[in-house]
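Computed over heavy atoms, backbone and side chain alike; hydrogens, waters and symmetry mates excluded. Predicted, not measured: the structure shown is a model, and the values here were computed from it.
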Amino acid sequence: MKKMNKAVSVLVLTAMVLMLISGCGSGAGSSSGNDQDKQKPAANTQLRIMSTSGGDKYFLTTGICKISDDSSLPIKVVHQTVAGDAEAVRRLKAETADIGMANVFVASMFYNGTYTFEKDGAFKEMRALFAGPSAVAQFAVRADSPVKSFEDIKNKTRMATFMGASQVYTKLILDAYGKQENVDYIFISSNYADMADQIKDKTVDVIQFWSGAPCPQAENIEADVPIRLLPVNDQAIENIKKAIDPSAYPAVVKAGTYKGQAEDVTVPATPTYFIARANTDEETIYNFTQLVLENLDELVKIHPLAKEIDINNLTQGLPFPLHPGAEKYLREKGYLK
């Protein structure tokens, strides 16, 4: 009797297993499972994007973060503040961030391991995504300063710039005017926040902005101190083109851009690129490129700088290879032939 009960139990259990298997293999069960999978949102890949605090890149990158919050694309962009383009590239190389923005001349020097990045070594794994707004090199003085042009720089004029690459750039300009470091001028490594205090307190004579014009930080300074820009001559721009940035070009900052500026001023400008590492997932970079370029109208509402992203010139002055994910998107949309 016990043997019979045991046999019955085994038969019942076997029948239940067969029913379960049959149910899982049925059309209804399979369809239900697929529907559930379709309803599950894709896991978001987090991308850490960097920009300098206080500059217009800050408003642009934080705007991208906001748009990613509302997007259905499977990426989540979060912001990191850095001291400048050079630090952004260094963090990118160290893999402590994922997306950066850098002037072409900074990115090119780091890519090749030249000038101020010689000790870092070449960063050949850097890849371009697409060109952003141009960065305009603006050298500002107080409106009441006796310095009217680079010709007037002498007796250790105090030049406040970001350290490293910005000082290389500034030196090339001053070379064109025959000025010598530590004789006619000295560099004071600074940041936007400190420059504001330094120009107000007259502890520096010239401050440098890498930004569209007007620069947001400069507008903050103008609330207390009117400023004006120093014009940069053709020879200085040519020095920059030959030495570090073939894509440099003369840009005109219109009179009245700053309170103390009565005339148009010609200064150097260079493209800025969104950059990433070569080993960043192709689909992720494709999604990031799509996120930005298909939401430019929304970005313009956040900051007008987004108007300067030229959808028809996204590879201007391309300093190194495109990331495959960005290249795929640009080719699909006809932005790259």
Checklist entry - Who are the side chain to side chain donor-acceptor pair (under 3.5 Å) partners of Thr61, not counting sequence neighbours? => result Ser51, His79
Item to check | Which residues share a side chain to side chain donor-acceptor pair (under 3.5 Å) with Arg142, sequence neighbours left out | outcome: Asp144
Item to check | Distance-only side-chain donor-acceptor flag, Ser190 / Gln198, under 3.5 Å | outcome: yes
Checklist outcome for this item: Output for pair (Leu314 CG, Ile309 CD1), nearest 0.5 Å, gives 8.5 Å
Item to check | Atom pair CD1/CG of Ile207 and Asn191 - distance to nearest 0.5 Å | outcome: 11.5 Å
Next on the checklist: Under the criterion salt bridge (Lys or Arg N to Asp or Glu O under 4.0 Å), I'd like the reasoning laid out for Arg158 against Asp205: C-alpha separation, chi angles, the key distance, then a yes or no.
Outcome noted: CA-CA 5 Å; Arg158 297 160 297 182; Asp205 304 297; 2.9 Å; yes
Checklist entry - Any salt bridge (charged side-chain N to carboxylate O under 4.0 Å, His left out) pairs touching residues 61-83, not counting sequence neighbours? => result Lys66-Asp70, Asp69-Lys76
Next on the checklist: Could you check whether atom NZ of Lys241 has more than 12 heavy atoms from other residues, nucleotides or ligands sitting under 6.0 Å from it?
Outcome noted: yes
Give the table of side-chain donor-acceptor pairs shorter than 3.5 Å for residues 99-109, with sequence neighbours excluded, one pair per line with atom names and distance.
| residue | atom | partner | partner atom | Å |
| --- | --- | --- | --- | --- |
| Asn103 | OD1 | Thr272 | OG1 | 3.2 |
| Asn103 | ND2 | Asp85 | OD2 | 3.2 |
| Ser108 | OG | Val104 | O | 2.8 |

Return all side-chain donor-acceptor pairs below 3.5 angstrom for residues 301-308, not counting sequence neighbours, or 'none' if the list is empty.
| residue | atom | partner | partner atom | Å |
| --- | --- | --- | --- | --- |
| Lys301 | NZ | Glu298 | OE2 | 3.2 |
| His303 | ND1 | Leu305 | N | 3.0 |

Next on the checklist: Please check if the number of heavy atoms outside Glu294 that lie under 6.0 Å from its CD is greater than 12.
Outcome noted: yes
Checklist entry - Between CZ of Arg48 and CE of Met50, what distance do you get to the nearest 0.5 Å? => result 8.5 Å
Checklist entry - Would Gln217 and Ser211 satisfy side-chain contact (heavy atoms from CB on, under 4.5 Å), going step by step from the backbone distance to the final call? => result CA-CA 9 Å; Gln217 189 65 26; Ser211 172; over 6 Å; no
Checklist entry - So, does Thr62 use its side chain to make a donor-acceptor pair with the main chain of Tyr58 at under 3.5 Å? => result yes
Checklist entry - Should Val147 and Val265 be counted in the same cluster of Ile, Leu, Val, Met, Phe, Trp and Tyr side chains packed under 4.5 Å apart? => result yes
Checklist entry - With no hydrogens and no angle check, do the side chains of Thr203 and Asp201 hold a donor and an acceptor under 3.5 Å apart? => result no
Item to check | Residues that Asp224 engages under salt bridge (Lys or Arg N to Asp or Glu O under 4.0 Å), provided they are two or more places apart | outcome: Lys200
Next on the checklist: Count I, L, V, M, F, W, Y as connected when their side-chain heavy atoms are under 4.5 Å apart, and connections chain through other members. Are Ile64 and Val300 then in the same cluster?
Outcome noted: no
Item to check | Ring centroid separation Phe150 to Phe139 under 6.0 Å | outcome: yes
Checklist entry - Atom CG of Asp245 and atom OG1 of Thr270: how far apart are they, to the nearest 0.5 Å? => result 3.5 Å
Item to check | Residue pairs passing the ring-ring contact (aromatic ring centres under 6.0 Å, His included) test where at least one lies in residues 310-337, sequence neighbours excluded | outcome: Tyr111-Phe320, Tyr286-Tyr329
Checklist entry - From Tyr273 OH over to Ser247 OG, what is the distance, rounded to the nearest 0.5 angstrom? => result 8.5 Å
Checklist entry - Do Val292 and Leu299 have side-chain heavy atoms sitting under 4.5 Å apart? => result yes
Checklist entry - For the side chain of Ser71 and the backbone of Ile67, is there at least one donor-acceptor N/O pair under 3.5 Å apart? => result no
Item to check | Single-linkage hydrophobic cluster, 4.5 Å side-chain cutoff, Val183 and Ile153 together | outcome: no
Checklist entry - About how many Å separate OG1 of Thr266 and CG of Leu230, when rounded to the nearest 0.5 Å? => result 12.5 Å
Checklist entry - Do other residues, nucleotides or ligands put more than 12 heavy atoms under 6.0 Å from Lys156 NZ? => result no
Item to check | Donor-acceptor contact present, side-chain Asn112 to main-chain Thr114, <3.5 Å | outcome: no
Checklist outcome for this item: Only one of Asn295, Asn287, Thr289, Leu293 passes side-chain contact (heavy atoms from CB on, under 4.5 Å) with Leu291, and that residue is Asn295
Checklist outcome for this item: Partner of Pro214 under side-chain contact (heavy atoms from CB on, under 4.5 Å), picked from Thr257, Val253, Val136, is Thr257
Item to check | Neighbour count above 12 (heavy atom, 6.0 Å) for Gln46 CD | outcome: yes
Next on the checklist: Under the criterion side-chain contact (heavy atoms from CB on, under 4.5 Å), I'd like the reasoning laid out for Phe117 against Val89: C-alpha separation, chi angles, the key distance, then a yes or no.
Outcome noted: CA-CA 10 Å; Phe117 300 111; Val89 181; 5.8 Å; no
Checklist entry - So, are Asp184 and Lys154 salt-bridged, with charged N and O less than 4.0 Å apart? => result no
Item to check | Minimum heavy-atom distance Lys93-Phe110, with the two atoms named | outcome: CD-CE2, 3.9 Å
Checklist entry - Any donor-acceptor pair under 3.5 Å linking the side chain of Asn239 with the backbone of Ile173? => result no
Checklist entry - With sequence neighbours left out, which residue pairs that include part of residues 212-261 fulfil the ring-ring contact (aromatic ring centres under 6.0 Å, His included) condition? => result none
Next on the checklist: Test: salt bridge (charged side-chain N to carboxylate O under 4.0 Å, His left out). Region: residues 173-183. Which pairs qualify, not counting sequence neighbours?
Outcome noted: Lys171-Asp175
Checklist entry - Would Met126 and Arg277 count as a side-chain contact (heavy atoms from CB on, under 4.5 Å) if you check the C-alpha gap in whole Å, the side-chain angles of each, and the deciding distance to 0.1 Å? => result CA-CA 5 Å; Met126 192 192 310; Arg277 291 183 304 278; over 6 Å; no
Item to check | Sequence-distant partners of Asp152, side chain to side chain donor-acceptor pair (under 3.5 Å), two or more places apart | outcome: none
Item to check | Backbone of Pro226 reached by a side-chain donor or acceptor of Lys259 within 3.5 Å | outcome: no
Item to check | By side chain to side chain contact (heavy atoms under 4.5 Å, CB included) - contacts of Pro324 (at least two apart) | outcome: Glu282
Checklist entry - Of the options Tyr169, Trp210, Tyr192, which is the one that meets Phe162 in a ring-ring contact (aromatic ring centres under 6.0 Å, His included)? => result Tyr192
Checklist entry - Looking at Ala83 and Thr52, what are the two nearest heavy atoms and their distance? => result O-CG2, 3.9 Å
Item to check | Candidate list Leu129, Leu73, Thr45, test side-chain contact (heavy atoms from CB on, under 4.5 Å), partner Phe288, passing option | outcome: Leu129
Item to check | Test side-chain contact (heavy atoms from CB on, under 4.5 Å) applied to Leu92 and Ile275, step by step | outcome: CA-CA 9 Å; Leu92 200 64; Ile275 54 176; 3.8 Å; yes
Item to check | Neighbour count above 12 (heavy atom, 6.0 Å) for Glu219 CD | outcome: yes
Next on the checklist: Other residues, nucleotides and ligands only: do more than 12 of their heavy atoms fall within 6.0 Å of CG on Asp297?
Outcome noted: no
Next on the checklist: For Tyr115, give me all partners under ring-ring contact (aromatic ring centres under 6.0 Å, His included), at least two apart in sequence or on another chain.
Outcome noted: none
